[in-house]
There are 2 protein chains.
Amino acid sequence: MKIKQDIKVAIDAVVFGYESKNSLSVLLIKRGIEPFKDEWALPGGLVLNDESLEDAVERELKEETGVTIDYLEQLYTFGSPNRDPRNRVLAVSYFGLVKPNHFKIKADTDAVDVQWFHLSELPKLAFDHQQILDMAHKRLKAKLSYEPIGFDLLNDEFPFSDLENLYMTILEKEIDRRNFRKKMLSFGIIEETNKIEKIGSGRPAKLFKFNKKKFQQLIVNDFHFEIKFV
Amino acid sequence: MKIKQDIKVAIDAVVFGYESKNSLSVLLIKRGIEPFKDEWALPGGLVLNDESLEDAVERELKEETGVTIDYLEQLYTFGSPNRDPRNRVLAVSYFGLVKPNHFKIKADTDAVDVQWFHLSELPKLAFDHQQILDMAHKRLKAKLSYEPIGFDLLNDEFPFSDLENLYMTILEKEIDRRNFRKKMLSFGIIEETNKIEKIGSGRPAKLFKFNKKKFQQLIVNDFHFEIKFV
DNA sequence: TCATTTATGCGTATGTTTAACACAAAGATA
DNA sequence: TATCTTTGTGTTAAACATACGCATAAATGA
């Protein structure tokens, strides 16, 4: 006789935000219930019977953090039998990006147990969440080079230096500013606006815009986006 | 009051095999039970309470097809609420490769409802399995270019022409034989054996071997495998 | 106000990699 | 022994990546 399957299904989200030079952040929550009560963990939770996995991610993020996501993709499904000390829980993990606009939202609800952590100053995480986070970080680094997802970490209009710094921060590499700009512009998916940003010292910078429509038209015809610097 | 979660967890496997020039095949089974009884589908089934997802894949493949897998990786998790007409079933899909050695195994059990299908002559598939298969095929094509997984579709020792044909078949592109060979050898992960294969007409070919250890040593130091031809 | 600092924007030389292509070598066939 | 077929190697031009130099446009402060 067959034993009835008893596995719960949850989602977990690794959400990255980029504020300024040299600081990539991750969104974490402090757990209110056992197991791992009062420890930091990835936002997430059980999937409802009639909702899709993506809906579950959006719902949990809204409930737990109030953050609006700008890019979301499935990462990996963690299914080892003992990853949750109580019952068996399958974790379908997602990986998301938020623009700086949407970054600050949590500031209002400071009392709540949700917080952005710099990637270099992470607390100890519950469950196997460190492993999930590591995988997400690896994916972000890899994907930045061959898909234009970096724009989902910047505001709609940005100076070129923001884009440069973003790439250098995430890839943890020095990049030649001039060659980077040349290559980026050569794809023809970034537009100049007529706006100029003048803050701080130095020459004021033109603001640029990612033309997503143009990009989507291009990829139909074997167009290949790739940024790689040694 | 909370409604108890009622979601089943299954795995599905898309297994590719490569016999000869111009024929990439997929392993399918004919379902013996409802729903979709007597229709073709991907091998797979429910995960047991105490087994890992990978174990479940291996078990199901063994039970249903008798095929030994040479490469396995998680593909994607399909979780839309209505993908199974009866209950909600989450499908964690896997993508696998078998070497020609292990390809024929099924021939003994011809009576069983399991069969290799050329990718160009697929039957209609049950559930959303066509979608899963498409994604696996896409992944195989993409991955062939930046990870040396092609060797898991060839015997341990192979003539260079086999490798060329494999790439041309899967990528569906003409590749310059001479440039391909030069580039492949330049990575230093393929070894010449002292064996020579003489079959058919034409000059007999040296047999080569993929040196997996060498490859694994290299990737530690930022080594990058990449085969790309237009 | 005028030199200094800071950051942007453009251009050019050099080396490396890719893409296109031709022919010799080793057997099988007949 | 001439012909066919497949393997094995080399050469070259064009494309691309890399490494720079320097002018420009503001803010800063002596």
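Computed from a predicted model, the values in this text were never measured in an experiment. Worth knowing before you read on, the calculation uses all heavy atoms, side chains too, and leaves out hydrogens, waters and symmetry mates. In the text below, chain A, chain B and the rest are named by the order of the sequence lines, each starting its count at 1.
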Trainee: Salt bridge check, Glu191(A) against Lys214(A): does any charged N sit closer than 4.0 Å to a carboxylate O?
Mentor: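 No, Lys214(A) and Glu191(A) are not salt-bridged.
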
Trainee: How many Å lie between NZ on Lys228(A) and C1' on dT16(C), as a whole number?
Mentor: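 It is 16 Å, rounded to the nearest whole Å.
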
Trainee: Starting from P on dA17(D), measure out to NE2 on His224(B) and report it in whole angstrom.
Mentor: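 Going from NE2 in His224(B) over to P in dA17(D) covers 13 Å.
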
Trainee: Any donor-acceptor pair, under 3.5 Å, between the side chain of Arg178(B) and the base of dA19(C), if you only look at N and O atoms?
Mentor: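 Such a pair does not exist between side chain and base.
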
Trainee: Please check if the side chain of Asp152(B) supplies one atom and the backbone of Tyr71(B) the other of a donor-acceptor pair under 3.5 Å.
Mentor: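 Not confirmed, Asp152(B) side chain does not pair with Tyr71(B) backbone.
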
Trainee: Strictly under 6.0 Å, is that where the ring centroids of Phe158(B) and Phe151(B) end up?
Mentor: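 Yes, ring centres under 6.0 Å apart.
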
Trainee: What's the CZ-P distance between Phe180(B) and dT17(C), to the nearest Å?
Mentor: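 Whole-Å distance recorded here is 19 Å.
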
Trainee: Nearest to the side chain of Ser201(B) - dG10(D), dG8(D), dA28(C)?
Mentor: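 Nucleotide nearest to Ser201(B)'s side chain: dA28(C).
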
Trainee: Measure from CD1 on Ile175(B) to P on dA19(C) and round the result to the nearest Å.
Mentor: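 In whole Å, dA19(C) P lies 11 Å from Ile175(B) CD1.
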
Trainee: Rounding to an integer number of Å, can you tell me how far Glu226(B) CD sits from dT16(C) P?
Mentor: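 Checked: the CD to P distance equals 19 Å.
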
Trainee: Let me know the distance between CE of Met184(B) and C1' of dT18(C), rounded to the nearest Å.
Mentor: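 About 16 Å, once rounded to whole Å.
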
Trainee: Are any side-chain N or O atoms of Lys99(A) and backbone N or O atoms of Leu154(A), one a donor and one an acceptor, separated by less than 3.5 Å?
Mentor: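 Yes, because the side chain of Lys99(A) sits within donor-acceptor range (under 3.5 Å) of the backbone of Leu154(A).
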
Trainee: Regarding dT12(C), can its base be found pairing with the side chain of Lys182(A) as donor and acceptor, where the two atoms are less than 3.5 Å apart?
Mentor: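 Such a pair is found, so the answer is yes.
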
Trainee: With nearest nucleotide decided by heavy atoms, which residue, Asp176(A) or Pro204(A), maps closer to the 5′ end of DNA chain C?
Mentor: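 Looking at the nearest nucleotide for each, Pro204(A) comes out on the 5' side.
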
Trainee: Let me know the distance between CG of Leu185(B) and P of dT17(C), rounded to the nearest Å.
Mentor: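 To the nearest whole Å, that distance equals 16 Å.
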
Trainee: What do you reckon, are the aromatic ring centroids of Phe78(B) and Tyr76(B) less than 6.0 Å apart?
Mentor: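 Yes, close enough.
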
Trainee: Assign each of Ile199(A) and Asn179(A) to its nearest nucleotide of DNA chain D by heavy atoms, then name whichever residue's nucleotide is nearer the 5' end.
Mentor: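 Checking each residue's closest nucleotide, the 5'-ward one belongs to Asn179(A).
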
Trainee: Which comes earlier along DNA chain C counting from the 5' end, the contact point of Lys183(B) or that of Arg177(B), where each point is its nearest nucleotide?
Mentor: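 Final value for this comparison: Lys183(B).
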
Trainee: Of the nucleotides dG11(C), dG9(C), dG8(D), which one has an atom closest to the side chain of Phe208(A)?
Mentor: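 Comparing dG11(C), dG9(C), dG8(D) against the side chain of Phe208(A), the answer is dG9(C).
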
Trainee: Separation of Leu207(B) atom CG from dG8(D) atom P, in whole Å?
Mentor: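 So the two atoms are 9 Å apart, to the nearest Å.
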
Trainee: Would you state whether a donor and an acceptor, one from the side chain of Lys198(B) and one from the base of dT5(D), lie under 3.5 Å apart?
Mentor: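 Side chain to base: no pair below 3.5 Å.
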
Trainee: Quick one: which of dG10(D), dC22(D), dA23(D) gets closest to the side chain of Arg203(A)?
Mentor: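 When the side chain of Arg203(A) is considered, dA23(D) is the closest of dG10(D), dC22(D), dA23(D).
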
